[in-house]
Amino acid sequence: MLWALIITVSKMSPAAFSSSTLLLTALLISCADGKNESIYWRAKRHNRHIISRVNLADRSKGELSNDPIIFNTNIMGYPDRPGWLRYIQRTPYSDGVLYGSPTLESVGKPTVIEITAYNRRTFETARHNLIINIMSAEDFPLPYQAEFFVKNMNVEEMLASEVLGDFLGAVKNVWQPERLNAINFTSALDRGGRVPLPINNMKEGVYVMVGADSPFSSCLREVENPQTQLRCSQEMEPSISCDKKFRTQFDIDWCKIFLVDKTKVVYITQEMVLGDGILPDVGEYSPPSDTLKIRDYYSDFLITLAVPSAVAVVLFAILFYIMCCRREGMEKRNMQTPDIQLVHHSAIQKSTKELRDMSKNREIAWPLSTLPVFHPVTGEMVPTMQTDTYDNTNMPLMQTQQSLAHQTQTPQQQNAGKWYP
């Protein structure tokens with residue numbers, strides 16, 4: 001029913017259009033939930049609406065609490081806003097701002113915006129419906145438009161009434177038009193700009209489009225000079241005579257200024273060549289037959305399966321021959337391997353025995369450094385041992401006290417027997 005009413009209103013005459021718009025607005029208000037508010041915006045002009053958090057914050061003992069509140073905006077029944085409408089809220093402790101420049105297609109169509117507020121401290125939510133009634137502004141055409149890029153401002157700062165009034169006043173002093181209005185605001189981030197570093201109070205920058213009814217002044221025309229274009233191409237700041245009127249409060253990037261003169265815009269329209277509406281004769285239309293030819297896929301099936309199967313069988317046969325048929329030769333090699341190892345082991349044992357026998361038959365004097373020279377008790381010189389009665393291979397290099405007792409005798413033991421000096 002609501003959409004039918006909208007279509008009916010769009011087909012009405014201009015005289016009855018205003019009364020139908022009011023009726024449609026009242027119907028939308030009655031259908032919406034929660035609180036409602038109606039505002040009027042002009043097409044192709046700058047418009048803004050502040051979403052205040054004062055009405056949604058809690059009051060404790062008569063004082064307003066500083067609760068973090070987040071706002072979400074969307075068209076009623078849709079997840080997003082219209083393309084010409086933008087919204088910004090810098091922090092949960094600041095107000096939200098709806099701003100934009102409605103298109104001519106939106107004239108006469110009330111736009112219902114659902115505003116949902118979320119209190120992050122108390123987890124409470126509230127909904128507010130904002131009805132935007134768009135009116136035409138063709139009564140005051142602004143054919144001359146200039147877009148400035150202000151580097152030291154954010155979009156929400158530029159939307160403030162005092163700041164915008166100062167900016168339009170500076171532009172009016174430079175341009176000297178009869179009528180001057182702001183048309184549109186665009187954040188530099190929406191144009192592909194980078195988020196500034198949080199140092200030295202750096203700003204994002206904002207593009208401001210203004211329109212006037214008089215041609216551009218000579219100062220604004222300086223941006224089109226070849227010298228200015230050359231300095232901009234070299235990333236150098238150009239010298240503009242009227243920059244001093246902005247420098248006190250606004251930092252203008254004159255290399256990004258854009259001038260539009262709609263009086264010189266040539267609209268190219270392609271003429272339509274109307275024909276007689278009769279298609280050329282290409283003969284009779286021959287539709288495809290109802291019966292399709294039966295195709296035999298048996299040969300394709302065999303080729304698809306036979307070739308891989310044959311390759312797999314050949315590989316399996318080769319693997320079977322290697323693993324099974326050549327097993328006898330491998331077993332013979334394994335049987336011969338222990339005999340070779342035994343022969344090698346016996347050869348090592350034989351060589352070791354021969355070396356030991358040769359070491360026993362050596363007739364080499366016992367090293368004097370390993371024998372005691374003087375008797376530990378009497379201090380007399382001890383005769384050397386006979387090498388024939390001892391096995392040199394079994395004698396340690398350092399003799400112990402037990403072996404020393406066998407080699408030396410005390411004086412009492414020497415007197416018992418015959419001693420030869």
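Remember, it's a predicted structure, so these values are computed and weren't measured experimentally. Positions are given from 1 along the sequence.
- Applying the 6.0 Å contact sphere to CZ of R120 captures no more than 12 heavy atoms from other residues, nucleotides or ligands.
- No side-chain donor-acceptor contact under 3.5 Å links N74 and D80.
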Anything under 3.5 Å between a donor and an acceptor, one on a side chain of residues 309-319, the other on a protein residue two or more places apart or in another chain? List them.
| from | atom 1 | to | atom 2 | distance (Å) |
| --- | --- | --- | --- | --- |
| S309 | OG | L305 | O | 2.6 |

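- Taking the charged nitrogens against the carboxylate oxygens, E157 and K203 do have a contact shorter than 4.0 Å, which makes a salt bridge.
- By the 30° and 60° cut-offs, the orientation of the rings of W254 relative to F246 is perpendicular.
- At a threshold of 4.0 Å, the pair E237-R247 counts as salt-bridged, since one of the basic side-chain nitrogens sits closer than that to a carboxylate oxygen.
- Taking the side chain as every heavy atom from C-beta outward, W41 and T111 never approach each other to under 4.5 Å.
- Of all non-hydrogen atoms in I134 and K109, the two that sit nearest each other are CD1-O, 4.3 Å.
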- Task: List the steps, then state whether side chain to side chain donor-acceptor pair (under 3.5 Å) holds for N133 with S38.
- Result: CA-CA 7 Å; N133 301 289; S38 181; 2.8 Å; yes
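- Minimum heavy-atom separation, E222 to T228: O-OG1, 3.0 Å.
- Note: N72 CG to T125 OG1 = 11.0 Å, rounded to the nearest 0.5 Å.
- By the 6.0 Å contact criterion, NZ on K151 is enclosed, its count of non-hydrogen atoms from other residues, nucleotides or ligands being greater than 12.
- A salt bridge is defined here as a Lys NZ or Arg NE, NH1 or NH2 lying under 4.0 Å from an Asp or Glu carboxylate O, and R48 with E156 fails to meet this definition.
- Taking the ring centroids of Y207 and F258, they lie at or beyond the 6.0 Å cut-off.
- Annotation for Q145 and F216: closest pair O-CZ, 3.4 Å, computed over non-hydrogen atoms.
- In terms of heavy-atom proximity, N152 sits nearest to Q249 at ND2-O, 3.0 Å.
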- Message: Determine whether F185 and Y99 satisfy the following criterion, ring-ring contact (aromatic ring centres under 6.0 Å, His included), listing intermediate values before the conclusion.
- Response: CA-CA 8 Å; F185 292 85; Y99 65 98; 7.2 Å; no
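- Between L168 and V210, the closest side-chain pair of non-hydrogen atoms falls below 4.5 Å.
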- Message: Run the side chain to side chain contact (heavy atoms under 4.5 Å, CB included) test on V174 and C242 for me, step by step, so that the C-alpha distance in whole Å, both residues' side-chain angles and the decisive distance to 0.1 Å come before the verdict.
- Response: CA-CA 7 Å; V174 173; C242 56; 3.7 Å; yes
